[in-house]
Colleague: 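One structure is given below, represented as structure tokens, and several questions about it will come after.
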Amino acid sequence: QKEVEQNSGPLSVPEGAIASLNCTYSDRVSQSFFWYRQYSGKSPELIMSIYSNGDKEDGRFTAQLNKASQYVSLLIRDSQPSDSATYLCAVNEVWTDKLIFGTGTRLQVFP
Amino acid sequence: DGGITQSPKYLFRKEGQNVTLSCEQNLNHDAMYWYRQDPGQGLRLIYYSQIVNDFQKGDIAEGYSVSREKKESFPLTVTSAQKNPTAFYLCASNRGRGLENEQFFGPGTRLTVL
């Protein structure tokens, strides 16, 4: 069974700080990696996708991928209270194209 | 507006009843998915379909059924055989196979068994 692991948190950071969310995955051949944000009671919203090693930046968000270490992370710069949510890491299963989700990390940004 | 719609938003069911959850997309996506989310838990795949008139069981298909007669629609039936159906149900879609294949979610249906 392919696995995606995340620390459940909560991760608490002050407003304006950098929040660092981490994810490891078990399937060495995975090629596509996604970060979703889920507010309480709402559905997941895709915020970042990354397909090659290195960093990918989009506004305050940076996704980092290291396939050799089977590790993907999400950095949120200048964290805001509105960033408080659960962040889900998802990895594409190559042979089926299904997404395997982690259980999520709850982020709390306090003023 | 392109997107995924799910209805109803809230659904209450008596024990022993079958209920059907609707999922429609106008994104021209080939693949559609149903997930279940329990409080404080991750997403678990129920069924998925990568092409019309074909679908596959996910990790927790027992007690559920689906159909895919149209590209735009992928309804989920929660049958009386599903022992603990109270959960948040999420429908998603994407283009199908390929590297840059982002999956998008509908707003969800919250099912409660009375």
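Each chain gets a letter, A, B and so on, in the order its sequence line appears, and its residues count up from 1.
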Colleague: Of the backbone (N, CA, C, O) and the side chain (C-beta and beyond), which part of B:Q50 lies under 4.5 Å from a heavy atom of chain A, both, or neither?
Modeller: side chain

Colleague: Please tell me whether A:Q64 and A:S73 have a donor and an acceptor in their side chains that are separated by less than 3.5 angstrom.
Modeller: yes

Colleague: Please verify the inter-ring angle class for B:Y33 with B:Y35; under 30° counts as parallel, over 60° as perpendicular, anything in between as tilted.
Modeller: parallel

Colleague: Looking at chain B, which one of A:G104, A:S32, A:A90 has the largest number of heavy-atom pairs inside 4.5 Å, strictly under?
Modeller: A:S32

Colleague: Say whether A:M48 and A:I100 are linked into one hydrophobic cluster, either directly or through other cluster members, by side-chain heavy-atom distances under 4.5 angstrom.
Modeller: yes

Colleague: Using a 4.5 angstrom heavy-atom cutoff, name the option from B:A31, B:G108, B:P107, B:P39 with the most pairs to chain A.
Modeller: B:P107

Colleague: Check each atom of A:S8 against the heavy atoms of chain B and say whether the ones under 4.5 Å are side chain, backbone, both or neither.
Modeller: neither

Colleague: Quick one: are B:E15 and B:V113 in side-chain contact, heavy atoms under 4.5 Å?
Modeller: yes

Colleague: For residues A:D55 and A:I50, report the shortest heavy-atom separation together with the two atoms involved.
Modeller: C-CD1, 4.5 Å

Colleague: Given a strict heavy-atom distance threshold of 4.5 Å, which part of A:V94 is in contact with chain B: side chain, backbone, both, or neither?
Modeller: backbone

Colleague: Side chain, backbone, both or neither: which part of A:L88 has a heavy atom under 4.5 Å from chain B?
Modeller: side chain

Colleague: Under a 4.5 Å heavy-atom cutoff, which of B:R44, B:Q6, B:Q41, B:Q37 has the most pairs with chain A?
Modeller: B:Q37

Colleague: Is A:Q38 in contact with chain B via its backbone, its side chain, both, or neither, using a 4.5 Å heavy-atom distance?
Modeller: side chain

Colleague: Check whether NZ of the Lys or CZ of the Arg B:R110 lies under 6.0 Å from the centre of the six-membered ring of B:Y10 and within 45 degrees of that ring's axis.
Modeller: no

